[in-house]
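These numbers were taken from a predicted model, which means no experiment stands behind them. Counting starts at 1 for both ligands and their atoms, in listed order.
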Amino acid sequence: MKFFIDTADIEEIKEAMSWGALAGVTTNPSLYAKTGGKLADFEDHMVKIAEICEGLPVSAESTAKTTDAMVAEGEHLASLAPNIVVKLPVCAESLAATHALAEEGIKVNMTLVFSAPQALLAARAGARYVSPFVGRFDDIGDEGLDHLEEIVTCIHNYDFGHEVEIITASVRTPHHVTQAALMGADIATVPFGALKKCLKHPLTDQGLASFEADWKKVTGEK
Ligand code: E4P
């Protein structure tokens with residue numbers, strides 16, 4: 001499974017990319033708003049992220065409401081950098097826009113996916129990525145991972161005539177990451193805080209402390 005970082009924060013992206021283990025970035029309007037960014041700077045911000053990521057896919061979300069406007073905004077976003085993927089929220093208008101953009105060779109990441117039928121329709125329309133949300137189900141007392149499992153199975157049951165990758169989104173915990181990988185989800189897009197938690201384990205900390213203490217016996221260091 002590949003890791004994307006789910007943020008629009010430039011410093012977080014730079015730090016996470018420096019690990020050499022990440023394969024892309026996803027953003028959304030809320031994540032951009034969180035950076036304090038203004039509308040006038042949005043495109044430059046996306047270009048900056050695309051440059052930092054050197055060819056890796058960077059999802060930039062359209063806020064257009066009609067199919068024509070989504071296609072126009074999608075074409076524009078995709079023209080900003082070769083690695084920008086157009087993110088569209090699943091609905092009738094965005095399916096039609098996805099179909100049109102895919103015909104032009106523009107990659108679409110269909111977001112706000114909460115059910116298998118939504119995911120299947122997105123893939124059929126030509127979406128290159130489908131993003132089922134996990135954590136937001138958990139937030140309302142449902143089991144996000146159960147829904148993800150249904151979606152992964154349904155998507156993997158079929159050949160859509162083009163590559164479709166499942167981006168596990170709305171990830172909150174390392175457990176979400178593990179379960180998504182066990183299900184065979186292609187990608188997990190993970191906020192920086194949760195990514196750092198994925199690196200940690202108390203037995204790693206304990207092991208490191210004892211190696212350091214034992215090495216001092218070897219070196220004589222106090
Ligand atoms: C990513 O594509 C989604 O926009 C994001 O993962 C949503 O996460 P949230 O539910 O934590 O806002």
query = Below 3.5 angstrom, do we get any N/O pair linking Asp6 and ligand 1?
reply = yes
request  = Measure the acute angle between the ring planes of Phe4 and Tyr129, then classify it against the limits of 30° and 60° as parallel, tilted or perpendicular.
outcome  = perpendicular
Within-shell test, Glu61 vs ligand 1, heavy atom, strictly < 4.0 Å = no
key: Distance flag, aromatic centroids of His45 and Tyr32, threshold under 6.0 Å   = yes
Atoms of ligand 1, numbered as shown, that sit under 4.0 Å from any heavy atom of Lys87 = 1 (C), 2 (O), 3 (C), 4 (O)
task = Please write down residue, atom name and distance for the protein heavy atom closest to atom 7 (C) of ligand 1.
result = Phe133 CE2, 3.5 Å
request  = Show the numbers, then the answer: is there a side-chain contact (heavy atoms from CB on, under 4.5 Å) between His176 and Thr168?
outcome  = CA-CA 9 Å; His176 284 161; Thr168 305; 5.8 Å; no
Glu93 versus Thr67, side-chain donor and acceptor atoms under 3.5 Å = no
query = Which atoms of ligand 1 sit under 4.0 Å from any heavy atom of Arg136?
reply = 7 (C), 9 (P), 10 (O), 12 (O)
query = Does Arg172, backbone or side chain, put an N or O under 3.5 Å from an N or O of ligand 1?
reply = yes
request  = Check the side chains of Gln206 and His201 for a donor-acceptor pair under 3.5 angstrom, ignoring hydrogens and angles.
outcome  = no
ask   = Among all protein non-hydrogen atoms, which one is nearest to atom 4 (O) of ligand 1, and what is the separation to 0.1 Å?
value = Asn28 ND2, 2.7 Å
ask   = Side chains of Thr26 and Asp6: donor-acceptor distance under 3.5 Å anywhere?
value = yes
request  = May I ask you to check whether Thr27 has an N/O atom sitting below 3.5 Å from an N/O atom of ligand 1?
outcome  = no
inquiry  = What protein heavy atom lies closest to atom 8 (O) of ligand 1? Include the residue and the distance to one decimal.
reply    = Ser170 CA, 3.4 Å
request  = Would you mind telling me which of Thr189, Leu195, Val177 makes a side chain to side chain contact (heavy atoms under 4.5 Å, CB included) with Val171?
outcome  = Val177
